[in-house]
Number of protein chains: 2
Amino acid sequence: MTSSLPAVPDAELLRLDHQVCFSLHAASRAFGGVYRDALKDLGLTYPQYLVMMVLWEHGSQPVKAIGEQLRLDSGTLSPLLKRLESAGLVRRERSAADERSVTVELTGAGAELKEKALPVPRRILAATGLEVEEILALQALLGRLTGALDQAR
Amino acid sequence: MTSSLPAVPDAELLRLDHQVCFSLHAASRAFGGVYRDALKDLGLTYPQYLVMMVLWEHGSQPVKAIGEQLRLDSGTLSPLLKRLESAGLVRRERSAADERSVTVELTGAGAELKEKALPVPRRILAATGLEVEEILALQALLGRLTGALDQAR
DNA sequence: CACCATTGAGTTGTGCACAACTTAATCGTG
DNA sequence: CACGATTAAGTTGTGCACAACTCAATGGTG
């Protein structure tokens, strides 16, 4: 492990790192900005949109399952879901089978919102200026990266 | 613009979008986690590390200049710099030439911290599991992406 | 079956991101 | 030179991320 790459001095690597971590940070925030604009009409934030997409695709689910798909813990999800609930988009119900578990389900308004969300992805795709193939390549690279980073902890 | 890609239906695109935005979000957070571990010894958060790197590389600078390099505004930087100051790593001084401007400079402790930071990038690079060339390609792609996204707003 | 470890959700506290705003200094134009 | 526009920094308020914690329900083992 930690192939030490003796050719590259530490100081050089510090500068390279500056670029890389900054690039990713900046890209993530730039994406956030574009989503913010695109989602303003829907009244959703970007993380809220992620949660809604999980529900649109897979239907009612316990908080735990949503958290696993988005790699978010209850500390992030609980208040977020509470906001979605008070916006009238989801309902939360204690499971009868396991009283520890809370199932999140879409309300009528929540389900309807999917229609308004349909044009969002095309708008985002256009904003990236990338071809679909490049997007897929980026996605594959990021997936590999995330897996490696998660494993390294 | 907005090549509409009539071959891909909206619903499909919504799922693709799910993947892409999630990938980037997840990668960004995974990076954050690895940095959190690597920076714990230094007592720095990831954004604080970005600011320190700017100062290590380019020396004393006004808040404005730091913000431009990191694409962060004063709402984010002011409290962050205040924390760095109370940690004894930087000093803030009103510029004599322009009283609106505040120059941020490293303290002795702040400058010394660079030595402790030197091994960090190698650790991060190792955690990514990527080759230097792949990193550079990713960086280029992300740079292009960020530029396009910023311009689309 | 009794007890204790584990699990799922929620809470608390810290820090970042960003919009909207305030304040004070500076600049530019009439 | 005076005054309105602009600029730099800071403040306020909202929301997300995450660590550390609480609490109640569940499950496994002696």
Side-chain angles (χ1 to χ4, degrees), chain A residues 21-22 24-37 39-40 43-52 61-68 70-87 90 92-104 150 153, chain B residues 21-22 24-37 39-40 43-52 61-68 70-87 90 92-104 150 153:
Chain A
C21 68
F22 169 69
L24 198 77
H25 199 57
S28 175
R29 287 186 298 121
F31 243 110
V34 173
Y35 271 105
R36 199 185 329 281
D37 293 349
L39 294 173
K40 199 179 301 176
L44 292 176
T45 66
Y46 179 48
Q48 287 167 6
Y49 174 66
L50 292 175
V51 170
M52 292 302 287
Q61 286 178 78
V63 173
K64 182 85 194 305
I66 297 175
E68 276 165 0
L70 301 178
R71 283 189 179 75
L72 291 172
D73 67 8
S74 68
T76 300
L77 283 176
S78 288
L80 188 157
L81 289 169
K82 214 182 279 182
R83 282 185 284 271
L84 287 179
E85 186 168 44
S86 63
V90 307
R92 288 183 303 162
E93 274 171 29
R94 285 270 154 204
S95 160
D98 185 341
E99 291 273 336
R100 291 170 304 179
S101 177
V102 166
T103 298
V104 182
D150 277 349
R153 297 187 66 188
Chain B
C21 69
F22 170 69
L24 198 75
H25 199 59
S28 174
R29 286 186 297 120
F31 243 111
V34 172
Y35 271 105
R36 201 185 326 283
D37 293 348
L39 294 173
K40 199 179 300 176
L44 292 177
T45 66
Y46 179 47
Q48 287 167 5
Y49 174 65
L50 291 176
V51 170
M52 292 301 288
Q61 286 177 78
V63 173
K64 181 81 193 311
I66 296 174
E68 276 164 2
L70 302 178
R71 282 188 179 74
L72 291 172
D73 67 7
S74 67
T76 300
L77 284 176
S78 287
L80 188 157
L81 290 169
K82 216 182 278 184
R83 282 186 282 272
L84 287 180
E85 185 168 44
S86 63
V90 307
R92 288 184 303 164
E93 275 172 28
R94 283 272 154 200
S95 159
D98 184 343
E99 290 273 334
R100 293 170 304 180
S101 175
V102 167
T103 298
V104 182
D150 277 348
R153 299 190 65 189

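Values below: all heavy atoms of this structure, side chains included; hydrogens, waters and symmetry mates excluded. In the text below, chain A, chain B and the rest are named by the order of the sequence lines, each starting its count at 1.
Applying the side chain to side chain donor-acceptor pair (under 3.5 Å) rule to A:E93 yields no partners; only residues at least two apart in sequence or on another chain are considered. Remark: A:T45 pairs with A:P47, A:Q48 by the side-chain contact (heavy atoms from CB on, under 4.5 Å) rule, at least two apart or across chains. Checked against side-chain contact (heavy atoms from CB on, under 4.5 Å), B:A87 has the following partners two or more places apart in sequence or in another chain: B:L89. The salt bridge (Lys or Arg N to Asp or Glu O under 4.0 Å) test applied to A:E99 returns no partner, not counting sequence neighbours. Partners of A:S95 under the side-chain contact (heavy atoms from CB on, under 4.5 Å) rule, at least two apart in sequence or in another chain, are A:A97, A:D98, A:S101, A:T103.
Each of B:A97 and B:L80 was assigned the nucleotide of DNA chain C with the nearest heavy atom; the assignment lying further toward the 5' end belongs to B:L80. Nearest-nucleotide mapping onto DNA chain D: of A:T45 and A:A96, the residue sitting toward the 5' end is A:T45.
Counting to the nearest Å, the C1' atom of C:dC27 and the CD atom of B:E99 are 16 Å from each other. A straight line from CG of B:L39 to C1' of D:dA17 spans 16 Å, rounded to a whole angstrom. Between B:D37 atom CG and D:dC18 atom P there is a gap of 12 Å when expressed in whole angstrom units. Distance A:E93 CD to C:dA9 C1': 16 Å, rounded to the nearest Å. Per the geometry, OH belonging to B:Y46 stands 14 Å off C1' belonging to C:dA17, to the nearest Å. The distance from atom NE2 of A:H25 to atom P of D:dA17 is 13 Å, rounded to the nearest whole Å. Atom-to-atom, CG of B:D73 to C1' of C:dA20 comes out at 11 Å; the value is rounded to the nearest Å. Atom CG in B:L70 sits roughly 12 Å away from atom P in C:dC18 (whole-Å rounding).
Ring planes of A:H25 and B:Y46: perpendicular class, angle over 60° (limits at 30 and 60°).
Nearest nucleotide to the side chain of B:L72, out of C:dT26, D:dT26, C:dA17: C:dA17.
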Quiz item: Can you list the steps and then say if A:E85 with A:V104 is a side chain to side chain contact (heavy atoms under 4.5 Å, CB included)?
Solution: CA-CA 9 Å; A:E85 186 168 44; A:V104 182; over 6 Å; no
Could you pull out the protein-nucleic contacts involving nucleotides 7-14 of chain D (nitrogen or oxygen on both sides, under 3.5 Å)?
from: D:dT7; atom 1: O2; to: B:R100; atom 2: NH1; distance (Å): 3.3
from: D:dA8; atom 1: OP1; to: B:K64; atom 2: NZ; distance (Å): 3.1
from: D:dA8; atom 1: OP2; to: B:K64; atom 2: NZ; distance (Å): 3.2
from: D:dA9; atom 1: OP1; to: B:V63; atom 2: N; distance (Å): 3.2
from: D:dA9; atom 1: OP1; to: B:V102; atom 2: N; distance (Å): 3.1
from: D:dA9; atom 1: OP1; to: B:V102; atom 2: O; distance (Å): 3.3
from: D:dA9; atom 1: OP2; to: B:K64; atom 2: N; distance (Å): 2.6
from: D:dG10; atom 1: OP1; to: B:R92; atom 2: NH1; distance (Å): 2.9
from: D:dG10; atom 1: OP2; to: B:S78; atom 2: OG; distance (Å): 2.9
from: D:dG10; atom 1: N7; to: B:S74; atom 2: OG; distance (Å): 2.5
from: D:dT11; atom 1: OP2; to: B:K82; atom 2: NZ; distance (Å): 2.9

